[in-house]
Amino acid sequence: MILQTDNTIYHLLRALRPRQWVKNASLFAAAMFSGRLFESDIFFRTVVAAIIFSALSSATYLINDAIDAKKDALHPIKKNRPIPSGKLSREVAILTAFILIFFFIPTSLVAVNFHFFLICVGYLLMQGTYSLWLRHVIIIDALTVAMGFILRVFAGGFATSIPVSSWIILATIGLSLLLAFGKRRSERTILTNLDISFKTRETLKHYPDSLLDSMISMSASFTIISYSFFSFQAKSRPELAIARFLPTTLSSPKWMMLTIPIVIYGVARYLYVIYEKKDAESPERVLTSDLPLLASVMVWALVALAIIYPLGTTI
């Protein structure tokens, strides 16, 4: 009995999809790019907001997997998830999801603020609509996924009362669409290669490869251009010590533009994963398993932090 209980807890933790929590790093965008991330109050509120969002997103994963259990059981990868494989009962998953929702929704209001609470409620409503209907509508399904990332960025801004750059929102839209369409392209490729029908995700049969390729190309370009405009508008302080050693032409350098090549490489590497490795069915798994892509993200983060904080750059 003890062993069975331990297995249930283990598979429940797997069903929460902790690997997906990496998406909630988006909540730190507003604080990070404002140059205020390491202010104690701002950092604490952002961490609390990220924890709440992680719990709520896990609740939506549990409900989604419970609804899709039969279809996921036919999928070559999703069939190994705890609920489709029968290692975790649907009843336990749904009960856990409602416990998380009924605990963390009030917590979002008490521990953070009213606007963050509204974002959390809106996110749950959107995810519920997505699970029941929107994911079955071609293109709208990907746009809904993108909206989830946008809500995360705004959630971080609302939690800390920090304005969010419009260009960061646009770059987030492009990146999230790239991830969404890339995921569908890879999943379609996997199912086609294994000669499996698209019953696991009905919308896939309505996505021609040419459309997905076009949307992936458009999203990649949109991401790079939007991020480039964002980095160009990032304010730099000419009074920095290093500015004394620069020629007059570079007297007001846009330091964040140094991160553009890193972003271009990261996007290009993700495209390589989609088309050559054919392994982008799970973006969060790709991020942690593809070393060049992971390295590009880490280098970008380190360079951005070095620019924004030690050099005094603010947005």
Side-chain angles (χ1 to χ4, degrees), residues 17 20 23-24 26 53 56-79 81 83-84 90 93-94 97 101 118-155 169-192 194 196-223 226 270-271 274 278 280-284 286:
R17 302 195 209 174
Q20 296 267 8
K23 296 178 181 178
N24 297 314
S26 305
F53 232 89
L56 293 177
S57 61
S58 289
T60 65
Y61 300 146
L62 290 173
I63 295 174
N64 185 73
D65 287 355
I67 294 174
D68 278 355
K70 292 183 179 180
K71 289 184 178 180
D72 287 348
L74 303 174
H75 195 280
I77 298 175
K78 295 179 181 179
K79 67 180 181 180
R81 290 176 178 175
I83 300 175
R90 296 173 64 184
I94 293 175
I101 291 172
L118 290 179
I119 283 282
C120 291
V121 173
Y123 173 79
L124 288 179
L125 292 175
M126 184 191 72
Q127 289 298 105
T129 307
Y130 174 81
S131 296
L132 295 174
W133 176 48
L134 294 179
R135 64 178 171 173
H136 302 301
V137 183
I138 184 173
I139 299 178
I140 296 297
D141 60 336
L143 293 177
T144 306
V145 172
M147 181 59 67
F149 282 92
I150 297 170
L151 289 179
R152 285 176 169 88
V153 174
F154 274 111
I169 295 299
L170 292 175
T172 300
I173 292 173
L175 179 59
S176 55
L177 286 176
L178 175 60
L179 296 176
F181 287 117
K183 175 183 174 70
R184 280 148 184 77
R185 184 66 169 86
S186 291
E187 189 172 2
R188 183 178 171 86
T189 300
I190 291 172
L191 296 179
T192 301
L194 295 177
I196 298 175
S197 69
F198 297 123
K199 291 182 180 180
T200 58
R201 189 191 287 270
E202 292 290 338
T203 52
L204 285 178
K205 65 183 179 182
H206 300 297
Y207 272 116
D209 290 344
S210 57
L211 173 61
L212 287 172
D213 293 342
S214 296
M215 296 305 295
I216 288 171
S217 177
M218 180 199 72
S219 301
S221 300
F222 187 85
T223 300
S226 298
Y270 186 68
L271 295 178
I274 293 174
K278 298 178 174 61
E281 193 273 336
S282 177
E284 66 282 351
V286 170

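The analysis underlying the following values was restricted to heavy atoms, covering all of them including side chains, and did not include hydrogens, waters or symmetry mates.
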Met147, CE atom: more than 12 neighbouring heavy atoms under 6.0 Å: no

query: Out of curiosity, Leu151 CG to Leu118 CG, how far, rounded to the nearest 0.5 Å?
result: 11.5 Å

- request: Could you tell me which non-hydrogen atom of Phe149 sits nearest to which non-hydrogen atom of Ser26, and how far apart they are?
  value: CD2-OG, 4.0 Å

task: Taking all non-hydrogen atoms of both residues into account, name the closest pair between Leu56 and Cys120 and its distance.
output: CD1-CB, 3.7 Å

- line: Of all heavy-atom pairs linking Ile150 and Thr172, the shortest is N-CG2, 4.3 Å

task: Considering non-hydrogen atoms only, spot the tightest contact between Leu170 and Phe222 and give its length.
output: O-CE2, 3.0 Å

field: Euclidean distance, Leu179 CG relative to Ser219 OG, rounded to 0.5 Å
entry: 9.0 Å

task: Kindly compute the distance separating CZ (Arg185) from CZ (Arg188), expressed to the nearest 0.5 Å.
output: 8.0 Å

field: Whether Ser226 side chain and Thr223 backbone form a donor-acceptor pair below 3.5 Å
entry: no

Over all atoms of both residues, closest heavy-atom pair of Arg184 and Ala142: NH2-N, 4.3 Å

CD1-CD1 distance between Ile83 and Ile63, expressed to the nearest 0.5 angstrom: 10.0 Å

- prompt: Between atom CZ of Phe181 and atom OG of Ser176, what is the distance when rounded to the nearest 0.5 Å?
  reply: 9.5 Å

field: Residue of the set Asn64, Thr60, Asp65 for which side chain to side chain donor-acceptor pair (under 3.5 Å) holds with Ser131
entry: Asn64

field: CD1-CG distance between Ile119 and Leu124, expressed to the nearest 0.5 angstrom
entry: 11.5 Å

query: Taking Asp141 as the fixed residue, which of Trp133, Tyr130, Tyr207 is the one that meets the side chain to side chain donor-acceptor pair (under 3.5 Å) rule?
result: Tyr207

message: Tell me if a side-chain donor or acceptor on Arg90 pairs with a main-chain N or O of Ala66 at a distance below 3.5 Å.
response: yes

message: Please identify which of these residues, Asp68, Thr144, Thr129, meets the side chain to side chain donor-acceptor pair (under 3.5 Å) condition with Arg135.
response: Asp68

